[in-house]
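Quick caveat: nothing in here was measured; it's all calculated off a predicted structure.
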2 protein chains.
Amino acid sequence: MNIKHDKENVLKTGLSLFCNKGYNSLGIDEICKVTGMTKGAFYNAFKSKEQFLIEAILLYAKNNVNRIKTQLKSNTDKPAFERLFQFYINMLEVQPKVNFMGCFINNIMSELGAANDKVGLASTQAFDEFIDAIESTVKDAQQNNELSSEWNSRQITELFHSTFYGSLTRAKSSRDNQQSINTMKLLFDNLKTNK
Amino acid sequence: MNIKHDKENVLKTGLSLFCNKGYNSLGIDEICKVTGMTKGAFYNAFKSKEQFLIEAILLYAKNNVNRIKTQLKSNTDKPAFERLFQFYINMLEVQPKVNFMGCFINNIMSELGAANDKVGLASTQAFDEFIDAIESTVKDAQQNNELSSEWNSRQITELFHSTFYGSLTRAKSSRDNQQSINTMKLLFDNLKTNK
DNA sequence: TTATTTGTACAGACCGTTCTGTTTGAGTAT
DNA sequence: ATACTCAAACAGAACGGTCTGTACAAATAA
């Protein structure tokens, strides 16, 4: 009953590997090698590779919802619109310097979302949680009259995030984030009130 | 010089298989089985699976650029803005009924674009060609004063297409295209002049 | 004939998973 | 305290399957 490997730590490591290599290109052997586990320990802790991925998605969602909330709630001296805009630009600017793999959820949606029901569901839930976390700041921006109130705040958030994902995918392939930054900039400029 | 199998036809079939299964989940054996080829014939015609994919991407790009141009140039009695909008809505509405795999280029970008330089380049080129094909109709809409001329037509086209890709990825995972249709609708509504 | 194309078997690597046996340590009885 | 029990955790070899790509002979074309 001696648990040598903390499940959350293993998931954290696996998550980082999934982020860098995707699902199919990452083998159990590599997960074990990096975490210092053996196959026996791995399959004792996780039912399957698919289940491991799903638990990793849940962990990623939890961590990122917290990150999103913290980030959007900080610098409250700045207007909500500005915080939203910087939130997205920051992800496009900083992440590519680390690696060009974009957002884990977006990648998994593309790689497995359509083929695997469980993974599709888990990644859709993660996306929804992100929308939830961002929407309140969109509402703030609307109340400040920085963002048009003509449309539903959830719809606007969906638009922000879908555009972000689409342009991130493009940045990943073209190895150039400038175009994506311009795209997000145009979207925000356009939705801004009193242009 | 008995070439039993027309290369373009084989690519066309392979393309359809890639669209349905992605890259990693589709084996050479299955390509051969469906096209009626044998391994010998396949590897005589194509250097590798990777090269086969790249040729398939080029074919897909060529075919779709033609399709895009034809579609956007038809119904010219309707205004350019309306044609653009219907072009995107149509892809979101009709494609899911066939399968939920979305756009081949978007999928390949996500699955391999970051990991494989050649594939990243080919899919980026395909994306650029799509933008080229769509941009002229965006220009028309701007000249008709249906779309804001405040921004560069290419930038606007990039925004349309990135949002389309992002929302398509979401639709694929959630098995629901309604949200994506609403997202595109909001984007178009917002960019429309004289709202 | 000579060169090219095709069919098939197979090499060799890799994958996720299972299997057997071992270790570990808390709980229990002595 | 000491010995025993037992179930969870672990180690890692082995398995069955899949994959891309190759070898090479047979078939076909030039």
Side-chain angles (χ1 to χ4, degrees), chain A residues 1-58 107-108 111-113 115-120 122-123, chain B residues 1-57 107-108 111-113 115-120 122:
Chain A
M1 289 158 233
N2 172 35
I3 302 176
K4 193 169 160 188
H5 300 278
D6 173 34
K7 232 179 146 179
E8 184 155 325
N9 260 328
V10 173
L11 279 168
K12 205 173 141 191
T13 305
L15 189 51
S16 145
L17 291 170
F18 277 137
C19 285
N20 283 312
K21 310 193 72 174
Y23 183 74
N24 283 302
S25 300
L26 176 64
I28 308 286
D29 282 339
E30 188 170 348
I31 299 171
C32 290
K33 196 181 160 193
V34 175
T35 57
M37 291 181 106
T38 57
K39 286 266 182 90
F42 182 89
Y43 276 95
N44 182 250
F46 304 98
K47 211 190 85 195
S48 64
K49 188 186 176 187
E50 182 199 64
Q51 194 56 39
F52 181 77
L53 173 69
I54 287 170
E55 292 190 37
I57 291 173
L58 297 180
N107 295 347
I108 288 299
E111 190 177 349
L112 294 174
N116 185 308
D117 286 345
K118 288 178 197 167
V119 175
S123 48
Chain B
M1 217 65 87
N2 172 32
I3 301 175
K4 194 168 156 188
H5 299 279
D6 174 33
K7 232 178 144 178
E8 183 156 324
N9 260 327
V10 171
L11 279 167
K12 205 174 142 190
T13 305
L15 190 50
S16 144
L17 291 169
F18 276 138
C19 284
N20 284 310
K21 311 191 71 172
Y23 182 74
N24 282 304
S25 299
L26 175 64
I28 307 286
D29 283 341
E30 187 171 349
I31 299 171
C32 291
K33 195 182 161 194
V34 176
T35 58
M37 289 180 106
T38 58
K39 278 260 182 98
F42 181 90
Y43 275 96
N44 184 55
F46 305 99
K47 214 189 82 197
S48 65
K49 187 186 176 186
E50 183 198 64
Q51 193 57 39
F52 181 78
L53 172 70
I54 287 170
E55 292 190 37
I57 291 174
N107 294 347
I108 288 299
E111 190 177 351
L112 295 173
N116 185 307
D117 286 344
K118 288 178 196 168
V119 175

Euclidean distance, atom CD1 of residue A/Ile28 to atom P of C/dT17 [Å, nearest integer]: 6 Å
Shortest side-chain distance from B/Lys49, nucleotide among D/dT20, C/dT8, C/dT5: D/dT20
B/Phe18: which of B/Ile108, B/Leu11, B/Leu53 passes side-chain contact (heavy atoms from CB on, under 4.5 Å): B/Leu53
Integer-rounded Å distance: D/dT18 C1' and B/Lys21 NZ: 12 Å
Nearest-Å distance for atom pair CD/P, residues B/Glu30 and D/dT18: 12 Å
Closest-nucleotide 5' rank along DNA chain C - winner of A/Asn24 and A/Gly40: A/Asn24
Of the listed nucleotides C/dT6, C/dT17, D/dA11, the one nearest the side chain of A/Thr38: D/dA11
Neighbour count >12 (heavy atoms, 6.0 Å) for atom CD, B/Gln51: yes
Selection from C/dT17, D/dC10, C/dT6 that lies nearest to any side-chain heavy atom of B/Asn44: C/dT6
Nearest-0.5 Å distance, CG of residue B/Leu112 to CG of residue B/Asp117: 11.5 Å
Interatomic distance, A/Lys49 atom NZ to A/Leu26 atom CG [nearest 0.5 angstrom]: 6.0 Å
B/Lys39 vs C/dT8: side-chain N/O to OP1/OP2 distance below 4.0 Å: no
Interatomic distance where OH belongs to B/Tyr43 and P belongs to C/dA9 [whole Å]: 18 Å
Value in whole Å for how far the C1' atom of D/dG21 lies from CD of B/Glu50: 14 Å
Rounded distance (Å) that lies between atom P of C/dC14 and atom CD1 of A/Ile31: 16 Å
Gap between atoms NZ and C1', on A/Lys33 and C/dC14 respectively (whole Å): 15 Å
Gap between atoms CG and P, on A/Asp29 and D/dA11 respectively (whole Å): 14 Å
For A/Leu15 against A/Ala56, the heavy-atom pair lying closest together: CD1-O, 3.6 Å
Nearest-nucleotide pick for B/Ala41, side chain only, options being C/dG7, D/dT20, C/dT5: C/dG7
